[in-house]
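Read the structure below first, then the notes.
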Amino acid sequence: MDTKFLKIMSRNIGQKMTRAMEEIYDLAGGVFNINSPKQLGLILFEKLGLPPVKKTKTGYSTDVTVLEKLKNQHPLPEKILEFRMLTKLRSTYVDAMPALINPKTLRVHGSFNQTVAATGRLSSSNPNFQNIPIRTEMGREIRKAFCAQEKDHFILAADYSQVELRIMAHLSEDPNLVAAFKQDADIHTHTAAMVFNLKQEDITSDMRRTAKVINFGIMYGAGAHRISQELNISHGDAGAIIKAYFERYTGVKDYIEKTITECKELGYASTLYGRKRPIQDINSENRNLQEAAKRAAINMPVQGTAADIIKIAMIRMHDWMKKENLKSKMILQVHDELVFEVHPDELELLKKQVPAIMELAGKLIVPLKVDVGVGKDWYEAH
DNA sequence: GCGATCAGCGCG
DNA sequence: TTACGTGCTGATCGC
């Protein structure tokens with residue numbers, strides 16, 4: 001860990017927090033605990049009279065979807081979101097990591113838990129290395145603190161490209177999806193072309209974004225309601241897009257139906273390698289429970305097979321590294337990614353062999369593809 | 001003072 | 001009502 005870097009980052013975020021806090025008190029007309037959703041709810045929905053969009057069990061919801069909707073009516077919600085991002089990054093990562101450094105090894109040693117997640121994934125705790133920020137630039141900066149311990153060593157990150165959609169292609173044998181991966185097409189552009197009935201070269205970035213949401217939504221069993229929320233479109237339009245998807249990818253539709261039927265008969269869903277997840281509620285009288293169980297049943301074979309494949313890769317990787325007496329170390333797993341700390345003499349070897357071992361870990365009717373990055377830290381390696 | 005629960009949000 | 005799987009933090013509540 002680069003603790004010097006984190007110390008500077010903590011100070012910088014602290015300054016930004018102070019500025020945001022002052023503006024928030026100004027806009028709210030008084031001091032309150034910004035981290036308290038209860039106090040914030042009173043300010044937004046009673047003092048300022050903004051419309052309460054959503055409720056929680058205990059009162060007004062003030063989550064990100066609510067504040068996004070209120071942005072155009074008052075400047076406060078946006079400032080709250082900024083403040084929340086800053087506090088999240090500082091308290092969960094920037095200030096937490098240095099405190100976990102082992103004084104003997106000067107490293108942070110977390111746990112990878114093998115018997116927590118129902119799908120067969122690993123989970124990570126104390127700290128959770130599987131949720132280090134990447135989606136915002138400010139958050140992503142935190143990865144610069146995850147660096148090789150010795151000066152001339154490297155961090156190498158190798159991640160499976162679209163592994164869950166490739167698994168969906170294999171399991172469903174859908175000709176369109178299989179063909180897309182055999183051609184190594186940009187999968188979201190391909191889906192957009194299918195759904196909107198256009199040539200791939202005529203797909204706009206907006207259409208691609210829509211297709212990306214659909215591709216993920218399908219694997220989670222999303223309905224028109226959720227898709228419409230996600231894309232900010234009408235329920236009817238969302239339903240039409242889903243319908244168009246299943247007309248083009250009938251193999252996926254059939255596979256999903258088959259998976260649910262089988263789960264109802266057997267009481268469990270399973271992965272390509274035979275890992276089972278019991279799904280009790282699949283025959284529940286309670287509609288909500290049964291619908292949630294169906295979504296879990298749809299997702300299990302996809303998420304669980306991906307977990308099986310990366311575990312196989314990790315075992316083979318370990319065996320290989322041991323056999324070759326390598327000095328480099330496999331240090332992290334983030335569901336579809338493996339991270340290594342690499343000795344400079346071994347860099348070229350690992351750049352070649354790591355993706356090869358990962359790509360061969362699963363035998364699917366479509367190829368597996370692994371992208372590799374190298375740098376002095378996890379930020380550069382990505 | 002302490003543990004449990006809730007809301008919120010970080011990741012794939 | 002709301003798309004799957006996780007873990008951590010701070011606020012709050014009850015004992």
Side-chain angles (χ1 to χ4, degrees), chain A residues 32-41 54-67 80-81 83-97 99-100 110-113 115-136 138-140 142-143 159-165 168 213-231 235 238 242 256 259 269 277 279 286-304 306-307 310 332-338 378 382:
Chain A
F32 67 106
N33 185 347
I34 309 167
N35 289 323
S36 161
K38 196 178 170 187
Q39 294 181 40
L40 178 63
K54 193 167 74 166
K55 282 187 295 188
T56 66
K57 241 184 267 184
T58 54
Y60 303 115
S61 171
T62 70
D63 72 16
V64 60
T65 62
V66 172
L67 297 185
I80 299 289
L81 287 173
F83 184 83
R84 284 212 180 128
M85 179 181 76
L86 296 168
T87 52
K88 179 79 179 181
L89 295 180
R90 196 160 86 142
S91 64
T92 309
Y93 307 101
V94 178
D95 288 350
M97 290 300 157
L100 295 169
S111 299
F112 284 96
N113 314 300
T115 55
V116 171
T119 56
R121 275 188 170 186
L122 302 184
S123 83
S124 167
S125 56
N126 304 307
N128 182 356
F129 285 122
Q130 293 178 325
N131 74 344
I132 305 302
I134 194 167
R135 293 176 192 174
T136 66
M138 198 187 298
R140 197 174 189 138
I142 292 170
R143 293 179 174 233
D159 65 287
Y160 284 108
S161 165
Q162 306 296 353
V163 64
E164 293 195 350
L165 281 168
M168 178 60 96
V213 169
I214 297 295
N215 275 333
F216 280 103
I218 294 294
M219 285 187 299
Y220 299 146
H225 190 96
R226 178 63 192 247
I227 298 289
S228 70
Q229 294 286 310
E230 204 73 36
L231 291 172
H235 189 276
I242 295 172
I256 288 172
T259 302
R277 174 182 180 176
I279 299 181
N286 179 321
R287 220 199 110 126
N288 284 339
L289 287 182
Q290 192 186 116
E291 290 301 318
K294 282 184 192 170
R295 294 192 296 267
I298 293 166
N299 186 250
M300 161 66 184
V302 175
Q303 190 180 121
I310 198 168
L332 297 176
Q333 189 253 44
V334 193
H335 309 304
D336 64 355
E337 172 184 12
L338 296 177
W378 202 6
H382 240 280

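In what follows, chains are A, B, ... by sequence order, proteins preceding strands, each numbered from 1.
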Enumerate donor-acceptor pairs with a distance under 3.5 Å from any side-chain N or O in residues 294-302 of chain A to protein atoms, sequence neighbours excluded.
unit_1: A:K294; atom_1: NZ; unit_2: A:E291; atom_2: OE2; d: 3.2
unit_1: A:N299; atom_1: OD1; unit_2: A:Q303; atom_2: NE2; d: 3.0
unit_1: A:N299; atom_1: ND2; unit_2: A:M219; atom_2: O; d: 3.3

Counting any heavy atom closer than 4.0 Å, what does [X] reach on the DNA or RNA strands: base, sugar-phosphate only, or nothing?
X      : value
A:A306 : nothing
A:R140 : nothing
A:S124 : sugar-phosphate
A:V116 : sugar-phosphate

Contact list for residues 57-66 of chain A, test salt bridge (Lys or Arg N to Asp or Glu O under 4.0 Å), sequence neighbours left out: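 Only A:K54-A:D63 qualify under salt bridge (Lys or Arg N to Asp or Glu O under 4.0 Å).
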Excluding sequence neighbours, so at least two apart, what forms ring-ring contact (aromatic ring centres under 6.0 Å, His included) with A:Y60?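 Once residues adjacent in sequence are excluded, the partners of A:Y60 under the ring-ring contact (aromatic ring centres under 6.0 Å, His included) criterion are A:F45.
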What base-paired stems does DNA chain B take part in, with at least 3 consecutive Watson-Crick or G-U wobble pairs and both distances under 3.5 Å?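 Listed by first number, the stems are B:1-9 with C:7-15.
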Using nucleotides 13-15 of chain C, report all nitrogen or oxygen pairs with the protein that are shorter than 3.5 Å.
unit_1: C:dC13; atom_1: OP1; unit_2: A:K38; atom_2: NZ; d: 3.0

Set of salt bridge (Lys or Arg N to Asp or Glu O under 4.0 Å) partners for [X], sequence neighbours left out:
X      : value
A:E164 : A:R121
A:R140 : none
A:R90  : A:D95

Among all residues two or more places apart in sequence or in another chain, which pass the side chain to side chain donor-acceptor pair (under 3.5 Å) test with A:Y220?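 Expected list: none.
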Return the set of residues passing side chain to side chain donor-acceptor pair (under 3.5 Å) with A:S123 (not counting sequence neighbours), or none when no residue passes.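 A:N113.
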Mind checking side-chain contact (heavy atoms from CB on, under 4.5 Å) for A:L100 and listing every partner two or more places apart, or none if nothing turns up?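 By the side-chain contact (heavy atoms from CB on, under 4.5 Å) rule, A:L100 matches A:V108, A:P127.
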Do nucleotides 6-12 of chain B as a string where each nucleotide becomes B, S or -: B if the base has a protein heavy atom under 4.0 Å, S if just the sugar-phosphate does, - if no protein is that close. SSBBBBB
